[in-house]
Amino acid sequence: MRGSANVQGNSKSSEEGRRPSSAPRAPSPRERGEGEDVAIVGGGIIGICVATLLAEAGRRVTIFDRTGICEETSSGNAAAFAFSDVLPLAHKGMIKQLPKWLADPLGPLSIPPAYLPKLLPWLIRFWRAGNSRHYETSLAAQAGMMRLAEAEWMGLLDRSGTRPMLREDGSLELYESEAEFRASLSGWAARERFDIGFRHVEGEEMAALQPGLAPRFVKGTFVPSWKTVADPKLLGKAVWAYAERLGARFEHARIDRVEAGADGAAVMLADGTTRKAKQLVIAAGAWSHLLARNLGDRIPLETERGYNTTLPVSAFDVKRQLIFSGHGFVITPLETGLRVGGAVELGGIERPPNYARSKAMLEKAKRFLPGLDPSGGIEWMGFRPSLPDSLPVIGRARTPNVFYAFGHGHLGLTQAVATGRLIRDLVLGQTPPLDLKPFRPQRF
(Lines give C-alpha, C1' and ligand atoms only; values in the text may rest on other atoms or scores of the structure.)
Protein backbone atom coordinates (compact mmCIF):
# COMPACT_ATOMS: atom_id res chain seq x y z
CA MET A 1 0.00 0.00 0.00
CA ARG A 2 1.22 3.50 -0.65
CA GLY A 3 0.47 6.93 0.78
CA SER A 4 1.59 9.04 3.70
CA ALA A 5 0.11 9.42 7.15
CA ASN A 6 -1.85 12.61 7.56
CA VAL A 7 -3.84 12.78 10.78
CA GLN A 8 -6.85 15.01 10.38
CA GLY A 9 -8.23 17.07 13.22
CA ASN A 10 -11.40 16.05 15.01
CA SER A 11 -14.60 17.51 13.66
CA LYS A 12 -16.86 19.03 16.30
CA SER A 13 -20.59 18.55 16.57
CA SER A 14 -23.00 21.45 16.39
CA GLU A 15 -23.57 21.09 20.16
CA GLU A 16 -19.83 21.51 20.82
CA GLY A 17 -19.77 24.50 18.48
CA ARG A 18 -22.43 26.23 20.62
CA ARG A 19 -20.63 25.56 23.96
CA PRO A 20 -19.22 28.77 25.52
CA SER A 21 -15.44 28.86 25.26
CA SER A 22 -15.13 29.24 29.03
CA ALA A 23 -17.09 26.06 29.82
CA PRO A 24 -14.97 23.20 31.19
CA ARG A 25 -14.68 20.15 28.97
CA ALA A 26 -13.55 16.68 29.97
CA PRO A 27 -10.95 15.12 27.66
CA SER A 28 -12.38 12.73 25.09
CA PRO A 29 -11.40 9.04 24.98
CA ARG A 30 -9.27 9.86 21.92
CA GLU A 31 -7.48 12.66 23.81
CA ARG A 32 -6.85 10.32 26.76
CA GLY A 33 -5.06 7.94 24.35
CA GLU A 34 -7.67 5.21 24.70
CA GLY A 35 -7.99 4.77 20.94
CA GLU A 36 -11.13 4.09 18.97
CA ASP A 37 -14.03 1.79 19.58
CA VAL A 38 -13.58 0.56 15.98
CA ALA A 39 -10.78 1.00 13.43
CA ILE A 40 -11.66 0.31 9.80
CA VAL A 41 -8.97 -0.33 7.21
CA GLY A 42 -10.29 0.79 3.82
CA GLY A 43 -11.97 4.00 2.67
CA GLY A 44 -13.95 2.51 -0.22
CA ILE A 45 -17.72 2.19 -0.27
CA ILE A 46 -17.72 -0.88 1.99
CA GLY A 47 -15.62 0.80 4.68
CA ILE A 48 -17.65 3.99 4.37
CA CYS A 49 -20.94 2.18 4.94
CA VAL A 50 -19.59 0.10 7.82
CA ALA A 51 -18.33 3.28 9.48
CA THR A 52 -21.62 5.10 8.90
CA LEU A 53 -23.80 2.45 10.48
CA LEU A 54 -21.46 2.09 13.45
CA ALA A 55 -21.39 5.88 13.89
CA GLU A 56 -25.19 5.88 13.81
CA ALA A 57 -25.04 3.35 16.66
CA GLY A 58 -22.87 5.73 18.67
CA ARG A 59 -19.49 4.05 18.19
CA ARG A 60 -16.23 6.01 17.83
CA VAL A 61 -14.94 5.02 14.40
CA THR A 62 -11.85 5.90 12.37
CA ILE A 63 -11.22 4.84 8.76
CA PHE A 64 -7.61 4.41 7.63
CA ASP A 65 -6.86 4.57 3.90
CA ARG A 66 -3.77 5.22 1.77
CA THR A 67 -5.41 7.64 -0.67
CA GLY A 68 -8.71 9.00 0.60
CA ILE A 69 -12.43 8.43 0.87
CA CYS A 70 -13.86 6.71 -2.21
CA GLU A 71 -10.79 7.50 -4.31
CA GLU A 72 -9.88 4.08 -5.72
CA THR A 73 -12.02 1.21 -7.04
CA SER A 74 -15.23 2.60 -5.51
CA SER A 75 -14.83 5.79 -7.53
CA GLY A 76 -14.90 4.27 -11.01
CA ASN A 77 -17.47 1.49 -10.97
CA ALA A 78 -20.49 1.21 -13.25
CA ALA A 79 -22.75 3.01 -10.74
CA ALA A 80 -25.37 0.25 -10.51
CA PHE A 81 -27.46 -0.92 -7.59
CA ALA A 82 -27.68 -4.38 -9.12
CA PHE A 83 -30.22 -5.83 -6.70
CA SER A 84 -31.52 -8.28 -9.32
CA ASP A 85 -28.03 -9.65 -10.10
CA VAL A 86 -28.33 -12.76 -7.92
CA LEU A 87 -26.59 -15.32 -10.15
CA PRO A 88 -23.05 -16.21 -9.03
CA LEU A 89 -20.51 -15.68 -11.80
CA ALA A 90 -19.73 -19.39 -12.01
CA HIS A 91 -23.37 -19.98 -12.95
CA LYS A 92 -23.67 -17.26 -15.58
CA GLY A 93 -22.33 -19.39 -18.39
CA MET A 94 -18.79 -18.18 -17.80
CA ILE A 95 -17.37 -21.69 -17.61
CA LYS A 96 -18.68 -22.49 -21.10
CA GLN A 97 -17.54 -19.13 -22.42
CA LEU A 98 -14.01 -19.34 -20.99
CA PRO A 99 -12.26 -20.97 -23.98
CA LYS A 100 -13.76 -18.51 -26.46
CA TRP A 101 -13.13 -15.47 -24.28
CA LEU A 102 -9.55 -16.43 -23.42
CA ALA A 103 -8.76 -16.80 -27.12
CA ASP A 104 -9.42 -13.06 -27.52
CA PRO A 105 -6.83 -10.99 -25.60
CA LEU A 106 -9.17 -7.97 -25.70
CA GLY A 107 -12.38 -9.91 -25.04
CA PRO A 108 -14.58 -9.95 -21.92
CA LEU A 109 -12.06 -12.03 -19.95
CA SER A 110 -8.30 -12.19 -20.20
CA ILE A 111 -5.50 -13.75 -18.18
CA PRO A 112 -1.91 -12.65 -18.79
CA PRO A 113 -0.04 -15.91 -19.53
CA ALA A 114 2.68 -15.13 -16.98
CA TYR A 115 0.04 -14.82 -14.26
CA LEU A 116 -1.72 -18.11 -15.01
CA PRO A 117 0.38 -20.36 -12.72
CA LYS A 118 -0.36 -18.11 -9.73
CA LEU A 119 -4.04 -17.93 -10.67
CA LEU A 120 -4.58 -21.65 -11.23
CA PRO A 121 -5.65 -22.57 -7.67
CA TRP A 122 -8.28 -19.81 -7.74
CA LEU A 123 -9.54 -20.97 -11.15
CA ILE A 124 -9.94 -24.51 -9.86
CA ARG A 125 -12.01 -23.22 -6.94
CA PHE A 126 -14.06 -21.11 -9.37
CA TRP A 127 -14.72 -24.16 -11.55
CA ARG A 128 -15.83 -26.16 -8.51
CA ALA A 129 -18.15 -23.35 -7.43
CA GLY A 130 -20.03 -23.86 -10.70
CA ASN A 131 -21.02 -27.37 -9.65
CA SER A 132 -24.79 -27.82 -9.47
CA ARG A 133 -24.49 -28.99 -5.85
CA HIS A 134 -23.53 -25.47 -4.81
CA TYR A 135 -26.02 -23.67 -7.03
CA GLU A 136 -29.05 -23.45 -4.72
CA THR A 137 -26.99 -22.49 -1.68
CA SER A 138 -25.15 -19.73 -3.50
CA LEU A 139 -28.27 -18.47 -5.26
CA ALA A 140 -30.31 -18.29 -2.05
CA ALA A 141 -27.47 -16.57 -0.18
CA GLN A 142 -27.03 -13.97 -2.90
CA ALA A 143 -30.79 -13.35 -3.19
CA GLY A 144 -31.07 -12.84 0.56
CA MET A 145 -28.13 -10.47 0.51
CA MET A 146 -29.73 -8.47 -2.29
CA ARG A 147 -33.06 -8.11 -0.47
CA LEU A 148 -31.22 -6.79 2.57
CA ALA A 149 -29.05 -4.55 0.39
CA GLU A 150 -32.00 -2.83 -1.23
CA ALA A 151 -33.79 -2.21 2.07
CA GLU A 152 -30.64 -0.93 3.79
CA TRP A 153 -29.60 1.32 0.90
CA MET A 154 -33.02 2.95 0.65
CA GLY A 155 -32.96 3.66 4.38
CA LEU A 156 -29.44 5.11 4.32
CA LEU A 157 -30.17 7.26 1.28
CA ASP A 158 -33.03 8.84 3.21
CA ARG A 159 -31.13 9.27 6.49
CA SER A 160 -28.09 10.77 4.77
CA GLY A 161 -30.08 13.06 2.47
CA THR A 162 -28.63 11.41 -0.65
CA ARG A 163 -31.86 10.03 -2.13
CA PRO A 164 -31.76 12.64 -4.98
CA MET A 165 -28.63 10.86 -6.28
CA LEU A 166 -30.66 7.69 -6.98
CA ARG A 167 -31.87 6.94 -10.52
CA GLU A 168 -34.67 4.42 -11.04
CA ASP A 169 -34.67 4.05 -14.82
CA GLY A 170 -34.20 0.27 -15.02
CA SER A 171 -31.69 -1.55 -17.20
CA LEU A 172 -31.78 -3.00 -20.70
CA GLU A 173 -29.80 -6.15 -21.47
CA LEU A 174 -29.26 -6.69 -25.19
CA TYR A 175 -28.83 -9.80 -27.36
CA GLU A 176 -27.40 -10.07 -30.86
CA SER A 177 -29.07 -13.37 -31.79
CA GLU A 178 -31.92 -15.66 -30.89
CA ALA A 179 -29.39 -18.19 -29.64
CA GLU A 180 -27.87 -15.65 -27.24
CA PHE A 181 -31.34 -14.72 -26.01
CA ARG A 182 -32.37 -18.35 -25.44
CA ALA A 183 -29.15 -18.99 -23.52
CA SER A 184 -30.16 -16.26 -21.06
CA LEU A 185 -33.58 -17.71 -20.24
CA SER A 186 -32.50 -20.10 -17.49
CA GLY A 187 -30.96 -17.20 -15.61
CA TRP A 188 -34.11 -15.14 -15.91
CA ALA A 189 -36.16 -18.12 -14.70
CA ALA A 190 -33.94 -18.30 -11.61
CA ARG A 191 -34.49 -14.61 -10.92
CA GLU A 192 -38.23 -15.06 -11.34
CA ARG A 193 -38.21 -17.51 -8.42
CA PHE A 194 -37.10 -14.63 -6.21
CA ASP A 195 -39.83 -12.26 -7.49
CA ILE A 196 -37.44 -10.20 -9.60
CA GLY A 197 -39.50 -8.47 -12.27
CA PHE A 198 -38.46 -8.23 -15.91
CA ARG A 199 -39.87 -8.39 -19.41
CA HIS A 200 -38.38 -9.42 -22.71
CA VAL A 201 -38.66 -6.80 -25.44
CA GLU A 202 -38.00 -6.43 -29.16
CA GLY A 203 -38.83 -4.21 -32.09
CA GLU A 204 -40.45 -0.86 -31.34
CA GLU A 205 -40.62 -1.46 -27.60
CA MET A 206 -36.88 -2.07 -27.42
CA ALA A 207 -36.20 0.95 -29.62
CA ALA A 208 -38.34 3.12 -27.35
CA LEU A 209 -36.35 2.04 -24.30
CA GLN A 210 -33.12 3.02 -26.07
CA PRO A 211 -33.36 4.96 -29.35
CA GLY A 212 -30.40 4.73 -31.70
CA LEU A 213 -29.39 1.11 -31.12
CA ALA A 214 -27.64 -0.72 -33.93
CA PRO A 215 -29.94 -3.14 -35.80
CA ARG A 216 -27.69 -6.06 -34.78
CA PHE A 217 -29.65 -6.35 -31.51
CA VAL A 218 -32.68 -8.57 -32.03
CA LYS A 219 -34.04 -8.75 -28.47
CA GLY A 220 -33.56 -7.35 -25.02
CA THR A 221 -34.63 -7.78 -21.41
CA PHE A 222 -35.83 -4.78 -19.44
CA VAL A 223 -35.52 -4.85 -15.63
CA PRO A 224 -37.60 -1.95 -14.27
CA SER A 225 -36.35 -2.28 -10.68
CA TRP A 226 -32.67 -1.87 -11.64
CA LYS A 227 -31.22 1.31 -10.19
CA THR A 228 -28.13 3.43 -10.74
CA VAL A 229 -26.63 6.44 -8.99
CA ALA A 230 -25.67 9.84 -10.34
CA ASP A 231 -21.97 9.14 -9.74
CA PRO A 232 -20.51 6.48 -7.40
CA LYS A 233 -17.63 8.63 -6.17
CA LEU A 234 -19.90 11.56 -5.36
CA LEU A 235 -22.35 9.26 -3.57
CA GLY A 236 -19.58 7.74 -1.47
CA LYS A 237 -18.28 11.14 -0.44
CA ALA A 238 -21.79 12.36 0.38
CA VAL A 239 -22.46 9.33 2.61
CA TRP A 240 -19.10 9.91 4.29
CA ALA A 241 -20.00 13.55 4.97
CA TYR A 242 -23.05 12.25 6.82
CA ALA A 243 -20.84 9.84 8.80
CA GLU A 244 -18.49 12.69 9.72
CA ARG A 245 -21.44 14.66 11.08
CA LEU A 246 -22.03 11.68 13.37
CA GLY A 247 -18.43 11.76 14.58
CA ALA A 248 -16.65 9.30 12.26
CA ARG A 249 -13.04 10.21 11.42
CA PHE A 250 -10.61 9.60 8.58
CA GLU A 251 -6.85 9.18 8.79
CA HIS A 252 -4.76 9.27 5.63
CA ALA A 253 -2.21 6.55 6.22
CA ARG A 254 -0.43 3.60 4.74
CA ILE A 255 -1.01 0.42 6.76
CA ASP A 256 1.94 -1.94 7.11
CA ARG A 257 0.27 -4.61 9.23
CA VAL A 258 -2.42 -5.28 11.79
CA GLU A 259 -2.50 -7.24 15.03
CA ALA A 260 -5.26 -8.24 17.41
CA GLY A 261 -5.93 -10.21 20.54
CA ALA A 262 -8.29 -10.53 23.47
CA ASP A 263 -7.54 -6.97 24.64
CA GLY A 264 -8.18 -5.25 21.28
CA ALA A 265 -6.49 -4.50 17.97
CA ALA A 266 -3.58 -2.47 16.69
CA VAL A 267 -2.96 -0.88 13.29
CA MET A 268 0.73 -0.32 12.49
CA LEU A 269 1.32 2.58 10.13
CA ALA A 270 4.19 3.03 7.68
CA ASP A 271 5.53 6.00 9.65
CA GLY A 272 6.24 3.69 12.59
CA THR A 273 3.31 4.77 14.75
CA THR A 274 0.50 2.56 15.99
CA ARG A 275 -3.22 3.17 16.40
CA LYS A 276 -5.22 1.11 18.86
CA ALA A 277 -8.87 0.17 18.88
CA LYS A 278 -11.17 -2.16 20.72
CA GLN A 279 -12.23 -3.78 17.46
CA LEU A 280 -10.95 -3.85 13.88
CA VAL A 281 -12.73 -4.20 10.52
CA ILE A 282 -10.76 -5.16 7.41
CA ALA A 283 -12.48 -3.65 4.35
CA ALA A 284 -9.46 -2.95 2.18
CA GLY A 285 -10.77 -4.42 -1.07
CA ALA A 286 -8.19 -6.23 -3.17
CA TRP A 287 -5.54 -5.87 -0.43
CA SER A 288 -7.68 -7.34 2.35
CA HIS A 289 -6.37 -10.89 2.13
CA LEU A 290 -2.84 -9.62 2.74
CA LEU A 291 -3.92 -8.11 6.06
CA ALA A 292 -5.96 -11.21 6.90
CA ARG A 293 -2.78 -13.23 6.45
CA ASN A 294 -1.22 -11.16 9.27
CA LEU A 295 -3.93 -12.61 11.49
CA GLY A 296 -3.54 -16.22 10.37
CA ASP A 297 -6.44 -16.36 7.89
CA ARG A 298 -5.67 -17.47 4.33
CA ILE A 299 -8.50 -16.36 2.06
CA PRO A 300 -8.35 -17.08 -1.71
CA LEU A 301 -9.04 -13.57 -2.94
CA GLU A 302 -8.19 -12.66 -6.53
CA THR A 303 -8.34 -9.38 -8.36
CA GLU A 304 -10.62 -8.74 -11.32
CA ARG A 305 -9.07 -5.72 -12.97
CA GLY A 306 -11.89 -3.73 -14.56
CA TYR A 307 -11.52 -1.00 -17.17
CA ASN A 308 -13.68 1.87 -18.35
CA THR A 309 -13.74 5.09 -20.32
CA THR A 310 -15.88 7.98 -19.12
CA LEU A 311 -16.99 10.17 -22.01
CA PRO A 312 -18.57 13.62 -21.82
CA VAL A 313 -22.29 13.68 -21.05
CA SER A 314 -22.94 14.82 -24.63
CA ALA A 315 -21.40 11.66 -26.18
CA PHE A 316 -24.78 9.95 -26.65
CA ASP A 317 -28.26 10.15 -25.13
CA VAL A 318 -28.30 6.88 -23.19
CA LYS A 319 -31.59 6.52 -21.33
CA ARG A 320 -30.63 3.83 -18.78
CA GLN A 321 -27.86 1.37 -18.12
CA LEU A 322 -27.27 -0.82 -21.19
CA ILE A 323 -25.85 -4.30 -20.57
CA PHE A 324 -23.97 -6.19 -23.27
CA SER A 325 -23.49 -9.46 -21.40
CA GLY A 326 -22.09 -11.29 -24.42
CA HIS A 327 -19.26 -8.77 -24.48
CA GLY A 328 -18.87 -8.30 -20.74
CA PHE A 329 -19.45 -4.56 -20.44
CA VAL A 330 -22.10 -1.93 -19.76
CA ILE A 331 -22.78 1.68 -20.66
CA THR A 332 -24.08 3.90 -17.86
CA PRO A 333 -25.33 7.48 -18.08
CA LEU A 334 -23.92 9.43 -15.12
CA GLU A 335 -24.37 12.98 -13.94
CA THR A 336 -20.67 13.44 -14.70
CA GLY A 337 -20.40 11.61 -18.03
CA LEU A 338 -21.16 8.47 -20.01
CA ARG A 339 -19.26 5.48 -18.61
CA VAL A 340 -18.33 2.59 -20.92
CA GLY A 341 -16.79 -0.16 -18.87
CA GLY A 342 -16.54 -3.67 -17.53
CA ALA A 343 -14.61 -6.71 -18.74
CA VAL A 344 -12.38 -8.80 -16.50
CA GLU A 345 -8.62 -9.16 -16.47
CA LEU A 346 -7.43 -11.66 -13.86
CA GLY A 347 -3.97 -10.23 -13.39
CA GLY A 348 -3.39 -9.36 -9.74
CA ILE A 349 -2.55 -5.99 -8.21
CA GLU A 350 1.03 -5.46 -9.39
CA ARG A 351 0.84 -5.45 -13.21
CA PRO A 352 0.48 -2.09 -15.00
CA PRO A 353 -2.88 -1.31 -16.64
CA ASN A 354 -3.55 -2.54 -20.17
CA TYR A 355 -5.69 0.27 -21.54
CA ALA A 356 -6.05 -1.54 -24.85
CA ARG A 357 -8.96 -3.25 -23.06
CA SER A 358 -10.82 0.00 -22.42
CA LYS A 359 -10.16 1.05 -26.02
CA ALA A 360 -11.61 -2.25 -27.28
CA MET A 361 -14.84 -1.68 -25.32
CA LEU A 362 -15.10 1.84 -26.66
CA GLU A 363 -14.74 0.55 -30.24
CA LYS A 364 -17.57 -1.89 -29.62
CA ALA A 365 -19.70 0.85 -28.08
CA LYS A 366 -19.31 2.87 -31.28
CA ARG A 367 -20.66 -0.09 -33.29
CA PHE A 368 -23.50 -0.73 -30.87
CA LEU A 369 -24.57 2.93 -30.69
CA PRO A 370 -24.01 4.48 -34.13
CA GLY A 371 -23.51 8.19 -33.59
CA LEU A 372 -21.64 7.82 -30.30
CA ASP A 373 -18.92 10.46 -30.03
CA PRO A 374 -15.85 8.66 -28.56
CA SER A 375 -13.74 11.78 -28.09
CA GLY A 376 -12.74 13.39 -24.81
CA GLY A 377 -12.82 10.20 -22.74
CA ILE A 378 -10.91 9.48 -19.52
CA GLU A 379 -9.59 5.92 -19.12
CA TRP A 380 -9.52 4.16 -15.75
CA MET A 381 -8.67 0.81 -14.22
CA GLY A 382 -9.76 -0.53 -10.84
CA PHE A 383 -9.42 -3.69 -8.77
CA ARG A 384 -12.48 -5.83 -7.98
CA PRO A 385 -11.75 -8.10 -5.00
CA SER A 386 -13.32 -11.46 -5.85
CA LEU A 387 -13.78 -14.83 -4.19
CA PRO A 388 -14.16 -17.97 -6.32
CA ASP A 389 -17.75 -18.61 -5.21
CA SER A 390 -18.81 -14.99 -5.96
CA LEU A 391 -19.88 -14.42 -2.33
CA PRO A 392 -18.10 -11.88 -0.12
CA VAL A 393 -16.33 -12.63 3.13
CA ILE A 394 -18.42 -11.19 5.96
CA GLY A 395 -17.82 -12.32 9.51
CA ARG A 396 -15.39 -12.80 12.36
CA ALA A 397 -11.72 -13.56 11.88
CA ARG A 398 -10.10 -16.38 13.82
CA THR A 399 -8.45 -13.66 15.89
CA PRO A 400 -10.67 -11.99 18.53
CA ASN A 401 -12.04 -8.50 17.90
CA VAL A 402 -11.49 -8.57 14.11
CA PHE A 403 -14.17 -8.64 11.41
CA TYR A 404 -13.83 -9.09 7.64
CA ALA A 405 -15.90 -7.24 5.04
CA PHE A 406 -14.44 -7.76 1.57
CA GLY A 407 -14.53 -9.78 -1.65
CA HIS A 408 -17.72 -8.37 -3.21
CA GLY A 409 -16.44 -8.55 -6.80
CA HIS A 410 -18.73 -6.59 -9.12
CA LEU A 411 -21.25 -5.93 -6.34
CA GLY A 412 -19.41 -3.75 -3.83
CA LEU A 413 -21.56 -0.67 -4.35
CA THR A 414 -24.74 -2.76 -4.42
CA GLN A 415 -24.04 -4.69 -1.22
CA ALA A 416 -22.18 -2.04 0.76
CA VAL A 417 -24.90 -1.05 3.21
CA ALA A 418 -26.07 -4.63 3.70
CA THR A 419 -22.48 -5.44 4.64
CA GLY A 420 -22.43 -2.42 6.94
CA ARG A 421 -25.58 -3.67 8.66
CA LEU A 422 -24.18 -7.20 9.12
CA ILE A 423 -20.84 -5.97 10.49
CA ARG A 424 -22.55 -3.46 12.76
CA ASP A 425 -24.69 -6.22 14.27
CA LEU A 426 -21.65 -8.43 14.81
CA VAL A 427 -19.69 -5.60 16.45
CA LEU A 428 -22.64 -4.75 18.71
CA GLY A 429 -23.23 -8.40 19.60
CA GLN A 430 -26.66 -8.44 17.96
CA THR A 431 -28.19 -11.15 15.79
CA PRO A 432 -27.72 -10.34 12.08
CA PRO A 433 -30.80 -10.45 9.81
CA LEU A 434 -29.12 -13.03 7.51
CA ASP A 435 -27.57 -16.43 8.08
CA LEU A 436 -23.87 -15.63 7.71
CA LYS A 437 -22.74 -19.21 7.16
CA PRO A 438 -22.43 -18.84 3.34
CA PHE A 439 -20.26 -15.74 3.86
CA ARG A 440 -18.07 -16.94 6.71
CA PRO A 441 -14.32 -16.34 6.26
CA GLN A 442 -13.52 -19.92 7.25
CA ARG A 443 -15.60 -21.54 4.47
CA PHE A 444 -12.48 -22.05 2.37
Side-chain angles (χ1 to χ4, degrees), residues 44-50 52-53 70 73-89 92 141-173 187 191 194-198 209 221-240 242 285 306 308 310 318-323 325 329-339 341-342 382 384-385 390-392 394 405 407-422 433-434:
I45 193 64
I46 303 295
I48 292 168
C49 289
V50 171
T52 301
L53 269 65
C70 211
T73 299
S74 295
S75 70
N77 62 62
F81 282 159
F83 303 125
S84 63
D85 196 3
V86 298
L87 299 182
L89 286 178
K92 286 185 173 181
Q142 199 71 289
M145 185 68 166
M146 290 303 195
R147 284 192 295 268
L148 179 65
E150 184 164 16
E152 292 293 333
W153 255 123
M154 297 307 108
L156 181 58
L157 290 173
D158 287 336
R159 298 193 304 275
S160 62
T162 54
R163 173 75 77 144
M165 302 181 80
L166 181 67
R167 296 180 171 185
E168 301 184 79
D169 302 318
S171 66
L172 180 62
E173 187 160 345
R191 294 177 179 92
F194 294 96
D195 298 321
I196 294 168
F198 61 89
L209 288 167
T221 302
F222 176 57
V223 181
S225 62
W226 190 277
K227 300 173 177 62
T228 57
V229 299
D231 182 281
K233 181 175 180 176
L234 297 181
L235 175 64
K237 289 184 179 294
V239 170
W240 176 246
Y242 167 65
N308 70 47
T310 303
V318 175
K319 301 296 185 183
R320 51 188 46 82
Q321 188 170 78
L322 305 178
I323 301 172
S325 56
F329 76 96
V330 303
I331 299 178
T332 312
L334 304 178
E335 175 185 297
T336 50
L338 187 67
R339 183 158 290 167
R384 307 183 190 107
S390 300
L391 298 177
I394 302 172
H408 296 75
H410 299 250
L411 300 170
L413 176 64
T414 301
Q415 297 181 341
V417 190
T419 302
R421 166 67 189 277
L422 296 170
L434 285 183

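Numbers here simply count residues along the sequence, with the first being 1.
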Subject >> Ion pair check, R167 and E335, cut-off under 4.0 Å >> reply: no

Original post:
Is the distance between the ring centroids of F81 and W153 under 6.0 Å?
Top reply: yes

**OP:** Using atom types as modelled and distance alone, determine if a side-chain donor or acceptor of K233 lies under 3.5 Å from a backbone N or O of D231.
**Re:** no

**OP:** Give, for atom CZ of F194 and atom CG of L87, the distance between the pair rounded to the nearest 0.5 Å.
**Re:** 9.5 Å

**OP:** Measure across P232 and A79 and return the closest heavy-atom pair with its distance rounded to 0.1 Å.
**Re:** CD-CB, 3.8 Å

**OP:** Show your working on side-chain contact (heavy atoms from CB on, under 4.5 Å) between C70 and I48 and close with a plain yes or no.
**Re:** CA-CA 8 Å; C70 211; I48 292 168; 4.0 Å; yes

Original post:
Distance from D195 atom CG to S84 atom OG, nearest 0.5 Å?
Top reply: 13.0 Å

Original post:
Would you say the side chain of L235 lies within less than 4.5 Å of the side chain of L413, judging by non-hydrogen atoms?
Top reply: yes

Original post:
Closest approach of G337 and T310, non-hydrogen atoms and distance?
Top reply: CA-CG2, 4.1 Å

Original post:
Do the non-hydrogen side-chain atoms of R421 and P433 ever get within less than 4.5 Å of each other?
Top reply: yes

Subject >> Closest non-hydrogen atom pair between G76 and N308, with its separation >> reply: O-ND2, 2.6 Å

Original post:
Can you name the closest pair of heavy atoms from A80 and W226 and give their distance?
Top reply: CB-NE1, 3.7 Å

Original post:
Can you tell me how far the OG atom of S75 sits from the NZ atom of K237, to the nearest 0.5 Å?
Top reply: 8.5 Å

Original post:
What distance do L322 atom CG and I331 atom CD1 have between them, rounded to the nearest 0.5 Å?
Top reply: 5.5 Å

**OP:** Decide yes or no on side-chain contact (heavy atoms from CB on, under 4.5 Å) for L411 and M146, but give the supporting numbers first.
**Re:** CA-CA 10 Å; L411 300 170; M146 290 303 195; 3.6 Å; yes

**OP:** Determine whether L422 and L434 make a side-chain contact, defined as any pair of heavy atoms from C-beta on separated by less than 4.5 Å.
**Re:** yes

Original post:
With no hydrogens and no angle check, is any side-chain donor or acceptor of T332 less than 3.5 Å from a backbone partner on A78?
Top reply: yes

Original post:
Should T162 and V229 be marked as a side-chain contact (heavy atoms from CB on, under 4.5 Å) after you check the CA-CA gap, both sets of side-chain angles, and the distance that decides it?
Top reply: CA-CA 10 Å; T162 54; V229 299; over 6 Å; no

Original post:
What are the two closest heavy atoms between F198 and I196, and how far apart are they?
Top reply: CD2-O, 3.3 Å

Subject >> Atom pair CG (L166) and NZ (K227), whose distance is rounded to the nearest 0.5 Å >> reply: 6.5 Å

**OP:** Taking all heavy atoms of L156 and all of C49, pick out the closest pair and write down the distance.
**Re:** CD2-SG, 4.3 Å

Original post:
Taking the side chain from E150 and the backbone from A82, do they hold a donor-acceptor pair closer than 3.5 Å?
Top reply: no

Subject >> Test applied, side chain to side chain contact (heavy atoms under 4.5 Å, CB included); reference residue, R191; option that passes from D85, V223, T221 >> reply: D85

Subject >> Flag side-chain contact, heavy atom, 4.5 Å: L391 against M145 >> reply: no

Original post:
Do Q142 and Q415 get their side chains close enough for a donor-acceptor pair, meaning under 3.5 Å?
Top reply: yes

Original post:
Do the side chain of N77 and the main chain of S74 share a donor and acceptor less than 3.5 angstrom apart?
Top reply: yes

Original post:
If you round to the nearest 0.5 Å, how far is CD of Q321 from OG1 of T228?
Top reply: 6.5 Å

Original post:
R159 and L53: side-chain contact (heavy atoms from CB on, under 4.5 Å), yes or no, with the steps?
Top reply: CA-CA 11 Å; R159 298 193 304 275; L53 269 65; 4.2 Å; yes

Original post:
Is it true that a side-chain atom of R320 and a backbone atom of D169 form a donor plus acceptor pair closer than 3.5 Å?
Top reply: yes

